Amino acid sequence: MAILFTGIKQLLTFAGDNAPRAGAAMRETGLVTNAAVLVDGGIIAAAGPRAAVARHRLAKKARKIEVNGVCLPGFVDSHTHAVFAEPRLKDFSMRTAGASYQEIKAAGGGIISSIGAVRRQPLKAMAGQLAARAARFLDCGTTTAEVKSGYGLTLESELKMLRAVRAAARLTPLEMLPTLLAAHSVPPEFNGDAQKYLDYVTAVILPKAAAEKLAVFADIFCEKGYFTPEQTTSYLKAARRLGLLPKVHSEQLSNYGGTRAGAAAGAVSADHADHVYAGDIGALRDAGTIATLLPASNFYLGLAKYPPARELIAEGVPVALATDFNPGTCPCWNMQFVLAAACTHCAMTPEEALCAATVNGAWALGIGDRAGSVAPGRQADLAFFAAGDYRELCYYFGANQCVLTVKKGKIVQKGNTA
Ligand code: NIG
Ligand code: FE
């Protein structure tokens, strides 16, 4: 049965071009006041002014829901590490005592300290834990999330993580797109020999993940002490030959060359971008690579420096926003916090931040033609908020203002008033 969501004070559609938004287009929200959205069979049948939508042939018999708030496309969280077995509370304590990312790594914390429990965890428990986390994403208005492996760093454990994403997708309505991040760090078995480990990933893990269609994307952490720009380009090119779309963690801790290496390999997105300079920004623009900013991780690490969103937008690079939800540097699944951080610390406007969290997030996952905007024929992924003005989503922070989440036309979360 069709559903008519009506009484919407403000609807942001982000309808328009079938491409990632760049420059001034990031500020075009497609705002409709006193709006309605009609959904049928998991797809948006009509969206726009209330009176116009009410005239649609399906509207009369539709189930009517008065929502009385703000409606957006469901958030597309295009960068998460949502599969992990245990929180990293020791890292947290060290950080509160003043230790840096690199100091925590040197003391045996960081990414590598997540691998023991992940390797031991049975697939079923891993999938159950991920599905429980997915419910929290949905509660906060996220309807699609990318999920990375990268805490196993062996063939068996990396594939287990990806299989857990597949298994969890049967337990939750959250749509999850899997990414192979076996090149996240060099596991202890390789005694710091990054090239040897990467050869193993390329020869063994990558082909297997591709053959079993366990991942859509391949990602690599390009940073001093992890993988070099040269390794990044050749690894991502190998991934591409196997049908995996390249992504890169780049310029998070220093200006090291990962952004240009990713752009050279045709990366869909280059993520973090905290330390990008003009040359990197030009490379992103020329390659059509999206810059995915993760300011909640900067916040959580207590960093003074945030990614230069204004420069990226001014230079015409499409910008996306994501949580980077992970057990070390960003245990936050709420895209609403990311909006607030982007506005307050990266000088993004609320319009740009909302565009980055929806339509551009969808393009960062290659699904902008079906998700991330509200228009007839698009997937009916919607998030409703207890607000009178969309700017309140960026203005209030630390709370969850989402009251209703709709995934593929089905109500999947309802009633939160916090
Ligand atoms: O995006 N930079 C590398 N990866 C993650 C950190 C993951 C972790 O610390 O477990 C990131 O911040
Ligand atoms: Fe990350």
Side-chain angles (χ1 to χ4, degrees), residues 1-18 21 25 27-76 138-144 173 175 335-336 339 350-351 353-355 357-359 361-362 367-396 400-417:
M1 186 187 178
I3 309 180
L4 178 67
F5 297 95
T6 191
I8 300 168
K9 286 181 188 156
Q10 293 187 336
L11 164 68
L12 303 193
T13 65
F14 292 104
D17 296 351
N18 206 25
R21 302 286 187 91
R27 298 188 282 277
E28 290 164 17
T29 58
L31 169 69
V32 183
T33 52
N34 194 14
V37 180
L38 179 67
V39 311
D40 184 49
I43 300 292
I44 292 165
R50 183 180 185 147
V53 175
R55 285 195 293 273
H56 190 281
R57 63 181 174 81
L58 293 171
K60 219 180 165 125
K61 287 202 179 132
R63 174 182 166 204
K64 289 179 191 52
I65 299 181
E66 281 286 334
V67 285
N68 198 28
V70 168
C71 176
L72 299 181
F75 294 124
V76 180
L138 290 164
D139 272 351
C140 293
T142 297
T143 48
T144 304
E175 184 175 347
M335 284 291 280
Q336 296 159 72
L339 295 174
E351 296 77 14
L354 288 161
C355 168
T358 56
V359 63
I367 58 168
D369 54 350
R370 65 177 166 86
S373 59
V374 181
R378 292 286 205 257
Q379 214 162 272
D381 296 353
L382 304 167
F384 295 89
F385 300 87
D389 184 304
Y390 65 85
R391 288 171 294 188
E392 291 173 47
L393 302 184
C394 307
Y395 166 82
Y396 292 109
N400 178 15
Q401 301 178 71
C402 180
V403 288
L404 184 70
T405 309
V406 174
K407 180 64 188 177
K408 293 185 179 167
K410 290 203 171 64
I411 293 172
V412 292
Q413 180 275 97
K414 196 158 104 178
N416 172 59
T417 50

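Positions are given from 1 along the sequence. Quick caveat, the model's predicted, so the values are computed rather than measured.
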Just jot down the side chain to side chain contact (heavy atoms under 4.5 Å, CB included) partners of Ala35, sequence neighbours excluded, or say none. Ile8, Leu11, Val32
For Pro376, enumerate each residue passing the side chain to side chain contact (heavy atoms under 4.5 Å, CB included) test, keeping only those at least two apart in sequence or located in another chain. none
For Phe5, enumerate each residue passing the ring-ring contact (aromatic ring centres under 6.0 Å, His included) test, keeping only those at least two apart in sequence or located in another chain. Phe384
Would you please name every residue forming a ring-ring contact (aromatic ring centres under 6.0 Å, His included) with Phe14, sequence neighbours left out? none
For a quick test of reading the model, state the closest non-hydrogen atom pair linking [X] to [Y] and the distance between them.
| X | Y | result |
| --- | --- | --- |
| His56 | Ala45 | NE2-O, 3.9 Å |
| Met1 | Lys61 | CE-O, 3.6 Å |
| Val403 | Ala386 | CG1-CB, 3.8 Å |
| Cys140 | Cys402 | C-CB, 3.8 Å |
| Ala36 | Leu4 | CB-CD1, 4.1 Å |
| Gly372 | Ala362 | CA-CB, 3.9 Å |

Sort and list the pairs that fulfil salt bridge (Lys or Arg N to Asp or Glu O under 4.0 Å) and have at least one residue in [range], not counting sequence neighbours.
| range | result |
| --- | --- |
| residues 27-36 | Arg27-Glu352 |
| residues 29-57 | Arg50-Glu66 |
| residues 368-396 | Glu175-Arg370, Asp381-Lys407, Asp389-Arg391 |

Leu38 and Leu58: CA distance, side-chain angles, deciding distance, side chain to side chain contact (heavy atoms under 4.5 Å, CB included) verdict: CA-CA 8 Å; Leu38 179 67; Leu58 293 171; 3.9 Å; yes
With a 3.5 Å distance limit and no angle check, can you tell me whether Thr358 reaches the backbone of Leu354 through a side-chain donor-acceptor pair? yes
Quick check: does any side chain N or O of Lys64 sit under 3.5 Å from a backbone N or O of Ala62, one acting as donor and the other as acceptor? yes
Non-hydrogen side-chain atoms of [X] and [Y] separated by less than 4.5 Å:
| X | Y | answer |
| --- | --- | --- |
| Cys71 | Leu12 | no |
| Arg63 | Ile65 | yes |
| Gln336 | Asn400 | yes |

So OG of Ser373 and CZ of Arg21: to nearest 0.5 Å the spacing works out to 8.0 Å
Here the gap from Asn68 atom CG to Lys9 atom NZ, rounded to the nearest 0.5 Å, amounts to 4.5 Å
Walk me through whether Val67 and Thr6 qualify under side chain to side chain contact (heavy atoms under 4.5 Å, CB included). CA-CA 6 Å; Val67 285; Thr6 191; over 6 Å; no
Carefully, step by step, assess Tyr390 and Glu351 under the rule side chain to side chain contact (heavy atoms under 4.5 Å, CB included). CA-CA 9 Å; Tyr390 65 85; Glu351 296 77 14; 2.5 Å; yes
For Phe75, the option from Leu339, Thr144, Thr143, Thr405 that meets side chain to side chain contact (heavy atoms under 4.5 Å, CB included): Leu339
Worked check of side chain to side chain contact (heavy atoms under 4.5 Å, CB included) between Ile44 and Val37: CA-CA 7 Å; Ile44 292 165; Val37 180; 4.3 Å; yes
